[in-house]
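Below you'll find the structure, written out as structure tokens, and then a few comments.
Within every chain, numbering begins at 1; the chains are lettered A, B, ... in the order of the sequence lines, protein sequences first and strands thereafter.
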Amino acid sequence: MRRTPNYNLILGCTLTAATVSVIILGFFWTPYEPDAMSIAERSVSPCAAHLLGTDNFGRDILSRVMQGAGTTLEIAFLAVSIGATCGTLIGGLTGYFGGIADEIIMRVNDAVTAFPSVLLALVAVAITGGGKTNLIIVLGILFIPSFARVVRGEFAKQRNMDYVKNAKLMGVTNLRIMFVHILPNIAPVLLSSIAIGFNNAVLAEASMSFLGVGVGPTESASLGRMLLDAEAYLFSAPWQALSAGFAITILILGFALISDGMGYRPTWRPVAKRRRKADA
Amino acid sequence: MLDIKNLKVSFNDGRKGIAVSGIDLHMEAGDTLGLVGESGSGKTVTALTVAGLLQKDRATVEGEVMFEGKDLLKCTVDEMRLLQGKDIGVIFQEPMTSLDPLMRIGRQIEETVKVHCKFSAEERRRMALEVMRLVGLPEPDVTYKKYPHQLSGGQRQRAMIASAFITHPKLLILDEPTTALDVTIQAQILELLKKLNEKCGVSLLFISHDLRVVRRVCKKVAVMYHGEIVEQGDTDQVFNNPQHEYTKRLVEAVTTRRRANV
Ligand SMILES: Nc1ncnc2c1ncn2[C@@H]1O[C@H](COP(=O)(O)OP(=O)(O)OP(=O)(O)O)[C@@H](O)[C@H]1O
Ligand SMILES: [Mg+2]
């Protein structure tokens with residue numbers, strides 16, 4: 001029996017690859033200087049010279065979207081890296097060793113996840129002050145619990161598997177078992193949560209910058225910041241909001257399709273056997 | 001070499017169940033000892049105790065397990081880890097799931113050497129290929145690069161034996177190593193174990209509920225019943241002249257089954 005192609009994964013990867021290449025291009029080249037203002041060309045609607053029009057300062061929106069998506073992705077990438085690394089460490093240790101530390105950390109985890117994370121982020125940023133760096137740190141820390149929970153569950157499952165017991169029997173140290181043996185086996189689940197994490201991070205950056213507590217007006221453009229700037233001209237110059245909004249949508253759609261395609265599906269990996277049973 | 005004295009194991013769960021109630025076992029270097037008994041008689045628990053795999057918080061262990069003059073029950077986790085895989089190899093029943101599904105066979109066989117000895121990658125590879133040849137894995141160069149799911153059950157069990165044997169342990173503990181395999185493969189694995197014992201001098205503690213299997217490999221046998229050893233001695237002697245009621249039934253079951261087969 002042939003397996004149907006994983007359309008979600010293919011489409012998601014294509015979409016993400018395309019957007020990421022445009023973003024990378026934006027680091028080196030944009031049609032115009034993203035911050036260059038021009039009084040003569042204020043709020044020009046999309047035309048040949050400015051494919052997505054200009055904003056009320058006469059800045060080219062395509063250039064700003066390219067740069068802004070880059071900033072947003074950078075924030076998302078760093079925040080997810082912090083969250084995934086710390087979350088994997090914490091979840092791995094607690095899931096693998098269990099015991100009282102596990103109980104305590106997981107209860108703290110539950111308490112933190114009980115609040116909507118954007119709300120927590122708002123409070124945290126209100127304390128630390130806005131700006132890109134603070135936003136990255138705050139989001140990164142807030143992502144730790146969700147990664148920790150996913151990873152903990154997987155480690156707790158894997159630690160009782162025969163191959164782990166067998167590795168112990170051969171005298172393999174716990175750390176080596178955790179990172180050399182178990183981690184690759186939970187990669188599908190971890191990667192799929194990373195993709196979801198990217199989505200949440202892009203959305204969180206957008207909402208927080210839109211609310212004015214994220215990326216500041218003097219920093220390089222970000223998609224959320226652009227939405228905030230565009231709000232006042234929503235009816236007179238809708239292309240501003242539409243461009244930023246569309247860019248966010250495409251970014252998120254790509255990651256969502258990837259995580260969907262990677263998710264809890266049977267793949268060629270033998271670890272998926274167990275899941276196939278659970279699906280049935 | 002291995003001297004178990006008055007070993008008692010009870011589990012701390014609600015039932016306060018005693019799994020092993022005071023057994024004595026003795027093995028010299030190069031011995032092959034079979035441990036037979038019905039399901040639930042405490043064979044696996046005994047093996048786990050010797051291998052240091054019993055979770056200390058879940059079970060109470062009393063008595064002595066002397067291995068080369070060292071009491072394994074008094075060893076710390078780290079001391080135990082130095083022995084596990086190096087001097088004491090353990091192989092359990094499940095060859096299908098005991099290999100890391102995402103690690104290549106060769107790497108997996110080398111793992112024991114990697115964690116215990118300081119050899120270069122090249123030397124490790126050579127040792128792995130050699131032991132793979134010894135246990136009869138086909139085309140070691142090719143199999144080295146395969147993943148567990150690309151091997152048959154018998155081949156996986158051979159790979160398990162290879163990974164346990166690559167460090168040339170003094171004692172191999174085998175808990176029903178052939179139960180999951182079909183009869184012909186079972187016979188081949190038993191031959192392999194015999195060969196390893198005769199050629200390389202490794203001692204075997206062979207656990208099975210099947211007296212016939214034990215008889216093919218082991219010179220000595222101990223019969224366990226409800227956590228106690230009711231009879232032990234030379235395999236042929238026990239087989240031909242069983243003393244205890246339970247052993248008699250065990251032998252009878254085997255011989256009548258054989259007669260029925262003919
Ligand atoms: N982790 C555990 N917690 C509580 N009781 C246990 C545990 N492991 C084993 N036991 C009990 O110890 C007794 C001996 O079990 P053991 O696994 O040693 O039997 P066995 O002789 O290996 O049987 P089999 O031939 O089925 O493998 C059983 O009564 C079992 O219920
Ligand atoms: Mg058993």
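- A heavy-atom distance below 4.5 Å is not found between the side chains of B:Lys114 and A:Val172.
- Within 6.0 Å of NZ on B:Lys86 lie no more than 12 heavy atoms contributed by other residues, nucleotides or ligands.
- Environment of OH in A:Tyr7: sparse, with no more than 12 heavy atoms of neighbouring residues, nucleotides or ligands closer than 6.0 Å.
- A pairwise comparison of heavy atoms in B:Leu102 and A:Pro184 identifies CD1-O, 3.1 Å as the closest pair.
- A heavy-atom distance below 4.5 Å is not found between the side chains of B:Thr167 and A:Met170.
- Considering all non-hydrogen atoms of both residues, A:Leu169 and B:Gln84 come closest at O-CB, 3.3 Å.
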**Report entry** Working for side-chain hydrogen bond (donor to acceptor under 3.5 Å, both in side chains), residues B:Ser98 and A:Asn166
**Finding:** CA-CA 6 Å; B:Ser98 290; A:Asn166 194 57; 5.0 Å; no

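- Within 6.0 Å of the CZ atom in B:Arg58, the count of heavy atoms belonging to other residues, nucleotides or ligands does not exceed 12.
- Within the 4.5 angstrom heavy-atom criterion, only side-chain atoms of B:Leu53, from C-beta onward, approach chain A.
- Nearest heavy-atom pair, B:Val115 versus A:Gly171, reported as atom, atom and distance to 0.1 Å: CG2-O, 4.0 Å.
- Closest heavy-atom contact between B:Asp100 and A:Val180: OD2-O, 4.3 Å.
- At least one side-chain heavy atom of A:His181 sits less than 4.5 Å from a side-chain heavy atom of B:Glu111.
- Open room surrounds CZ on A:Phe77; 12 or fewer heavy atoms of other groups in view lie less than 6.0 Å from it.
- Taking the side chain as every heavy atom from C-beta outward, B:Arg81 and A:Thr173 approach each other to under 4.5 Å.
- Interface residue B:Met160: only side-chain heavy atoms are found under 4.5 Å from chain A.
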